[in-house]
Amino acid sequence: MQFFLGKRTFLIVLFGALLLIPILSTETQIFNAYQFNKYHIFIANLVMLYIILALGLNMLIGFAGQLAFANAAMYGIGAYGAGLLMKHFALPYWVAAPGGVLIAMAAGTLLALPALRMSGIYLALTTLAFAQFVWWLMTHWTSVTFGAGGFIPPPIDFSPIPVTQEIGIYYLTWVAAILLYLVAKNTMASSIGRAFVAIRDGEVAAESLGINLFRYKALAFAISGFYAGTAGALYGGMLGFVGPESFDLLQMILHKAAVVIGGLGSIIGSVIGGVLLTVSVEITKELKWSIEMAFGALLMLFVLFQPTGLVTFIKRWVPGWREHLQYLPEREAQRSIDADEFVEDGEITSTDESVQERQP
Amino acid sequence: MSVALKAQSVSIAFGGVAALQDVSIDFPQREIIGIIGPNGAGKTTLLNVICGMTPPDEGEVFLHEVSLTGMKPSHVASLGLRRTFQSSQLFPGMSVLENMMCGLHLMGSTKLFGAIFRSQAMKDEEAEMRRRAMEALDFVGFKHFADRPGSALSFGQQRIIEIARTLIYEPKVVLLDEPAVGLSVTRVAELETLLRRIRDERGVTLIMIEHVIRLVMGVSDRIVVLNSGQKIAEGQPAEVRNDPMVIEAYLGHQAASE
């Protein structure tokens with residue numbers, strides 16, 4: 001039972017299907033029987049990008065508890081970094097893409113500086129301001145970024161492998177998504193993951209146990225910058241075009257929605273969230289709804305009624321989905337403490353006696 | 001008597017209010033020292049200064065002759081000084097075992113790459129952490145709680161596990177901020193036994209702020225009394241109990257003169 005329903009089976013089926021979609025499409029001329037077209041490949045590629053984005057953002061906000069709103073900016077920095085290095089310096093994609101990722105990672109790490117002094121809503125606003133600043137640079141610094149119209153990076157050369165850019169980037173994303181899933185899972189199951197959750201659940205206590213706040217906050221921001229930058233560099237390659245409208249506030253809401261729908265503080269939840277988000281965006285487009293309103297509402301509904309995401313349902317009902325660390329929203333954690341406080345092993349634990357004994 | 005921890009002429013003021021004034025205390029090794037005093041006497045401030053959370057305006061704190069001046073709490077923790085807090089600080093999002101393993105955070109020598117690739121060294125280290133965590137849980141008798149979420153335990157149980165978490169790194173000094181708050185009479189008796197065992201079996205110096213006078217008088221080897229940021233008495237529980245300065249601090253001037 002566990003073997004068939006567990007998360008490992010889910011991942012094998014998901015990535016197996018993603019592996020097969022281009023092969024079964026009319027584009028590659030291998031099996032013409034199925035009606036997968038270019039658009040389906042594009043959507044499948046987006047699914048994998050959103051899995052990467054959700055994984056990176058979840059480690060920052062779900063595990064380390066840093067309420068940052070700059071993920072779309074990091075995504076953009078990755079895409080712009082890689083594209084501009086190709087465009088201005090004629091670097092091959094294989095050099096420019098890691099370059100873009102490193103720039104995004106560096107920018108992400110810089111955000112750890114305000115995070116050391118601020119938390120919660122203040123950090124959210126600061127990172128949001130940073131994201132808007134990055135977006136302004138993309139639209140206004142025309143001499144470097146080509147402004148609001150965006151630009152077309154040079155084509156990517158996959159030789160000697162005989163694939164088109166589309167299929168090449170698709171499988172590159174496929175490999176990246178699997179590797180980054182494993183990295184996220186292993187890292188969060190280690191003492192690094194525990195340090196992140198300790199900082200989220202109680203900074204003061206974490207520090208008293210020897211956890212260096214700055215080091216681990218910087219690491220959380222660097223990791224999320226790395227993930228978003230990687231997704232960005234792949235996104236630019238997939239689209240063959242880089243423009244500022246892909247990295248605006250709506251994009252940030254989509255990343256956040258993917259994390260929250262899947263489950264804050266759950267690695268497998270981010271995989272689920274990435275898939276569901278991309279699919280829901282397509283459905284919303286199909287129905288001609290406003291994406292902004294649909295996802296704003298969805299995000300709000302989840303935060304209010306199911307703050308631990310869909311993954312808690314699955315964990316409750318299906319065997320084989322257990323994970324190491326848990327996410328408990330503050331009020332639920334508080335509730336479980338309050339409920340126990342005065343009843344301990346069936347006896348009434350009164351604080352009155354200690355009050356009485358306060359005077360010698 | 002060797003001194004484990006030494007506070008030397010510590011003074012600190014918050015916006016003109018002197019929270020601690022020229023406080024000097026020697027904390028001998030392998031002893032339980034109770035710190036008592038009325039509300040606002042500066043007890044918690046003293047603990048915060050010792051563990052590095054609040055840097056003092058003047059004075060120094062030495063842990064086995066090493067000055068802790070200017071060190072962050074995480075650095076102080078690495079030198080073998082651990083603490084608990086007034087409110088429970090178990091991490092609700094982790095199991096009890098994972099909480100305990102956080103206490104061993106500094107043991108980790110394999111860093112990012114070991115974690116990413118789940119290297120053998122890192123797996124061995126995790127196994128060792130788990131073993132030590134179970135051992136420390138066994139010491140306080142809560143081994144069976146290992147897989148429960150931290151938030152699923154009662155307040156009293158969380159406090160005991162928090163104490164166990166400070167012990168896991170084999171500290172020299174442990175600071176306890178009101179460990180008995182909210183505990184029932186039987187629990188306080190259990191806590192008393194536990195504190196003695198920590199001192200005798202682990203050789204740890206325990207520095208405890210406590211309002212439950214029966215506990216603090218019963219278990220402490222030495223008591224320090226603070227009032228308005230000043231040390232007004234120090235000595236054996238029996239001496240301190242009869243000190244007119246102490247009675248005055250707690251009950252007021254008139255009661256002391258009667």
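Per chain, numbering begins at 1; letters A, B, ... match sequence-line order.
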key: Greatest number of heavy atom pairs closer than 4.5 Å to chain A - which of B:Cys51, B:Pro73, B:Ala77, B:Ser74   = B:Ser74
remark   = Honestly, the part of A:Leu213 sitting under 4.5 Å from a heavy atom of chain B is neither
ask   = Is it the backbone or the side chain of A:Phe63 that comes under 4.5 Å from a heavy atom of chain B, or both, or neither?
value = neither
key: Interface moiety of B:Glu126 toward chain A, non-hydrogen atoms closer than 4.5 Å   = side chain
ask   = Taking atom types as modelled and ignoring hydrogens, do the side chains of B:Asn99 and A:Arg194 form a donor-acceptor contact shorter than 3.5 angstrom?
value = no
request  = Go through A:Ala198, A:Ser190, A:Gly202 and name the one with the most non-hydrogen pairs under 4.5 angstrom from chain B.
outcome  = A:Ala198
query = Distance only, no hydrogens: is a donor on one side chain within 3.5 Å (strictly under) of an acceptor on the other, for B:Thr44 and B:Gln86?
reply = yes
request  = For A:Glu323, enumerate each residue passing the salt bridge (charged side-chain N to carboxylate O under 4.0 Å, His left out) test, keeping only those at least two apart in sequence or located in another chain.
outcome  = A:Lys315
key: Distance-only polar pair, side chains of B:Gln157 and B:Ser154, donor-acceptor under 3.5 Å   = yes
ask   = Do the ring planes of A:Trp321 and A:Phe10 sit parallel (below 30°), tilted (30 to 60°) or perpendicular (above 60°)?
value = tilted
request  = Please confirm whether A:Arg200 makes a cation-pi placement over A:Phe196, using NZ or CZ under 6.0 Å from the six-membered ring centre and within 45° of the ring normal.
outcome  = no
remark   = What one should report as the nearest heavy-atom pair of B:Pro171 and B:Val174 is CG-CG2, 3.5 Å
Non-neighbouring partners of B:Arg131 that pass salt bridge (charged side-chain N to carboxylate O under 4.0 Å, His left out), sequence neighbours left out = B:Glu128, B:Glu135
request  = State plainly whether the residues A:Glu207 and B:Lys72 are in salt-bridge range, i.e. N to O under 4.0 Å.
outcome  = no
request  = Would you please go through residues 265-273 of chain A and name the residues with a non-hydrogen atom below 4.5 Å from one of chain B, in numerical order?
outcome  = none
ask   = So which part of B:Cys102 gets closer than 4.5 Å to some heavy atom of chain A, the side chain, the backbone, both or neither?
value = both
remark   = Assert top hit (heavy-atom pairs under 4.5 Å, partner chain B, pool A:Ile223, A:Ile211, A:Val204, A:Thr187) equals A:Ile211
task = Tell me, please, which residues at least two apart from B:Arg165 pass salt bridge (charged side-chain N to carboxylate O under 4.0 Å, His left out).
result = none
remark   = Whatever's closer than 4.5 Å to a heavy atom in chain B on A:Ala189 counts as both
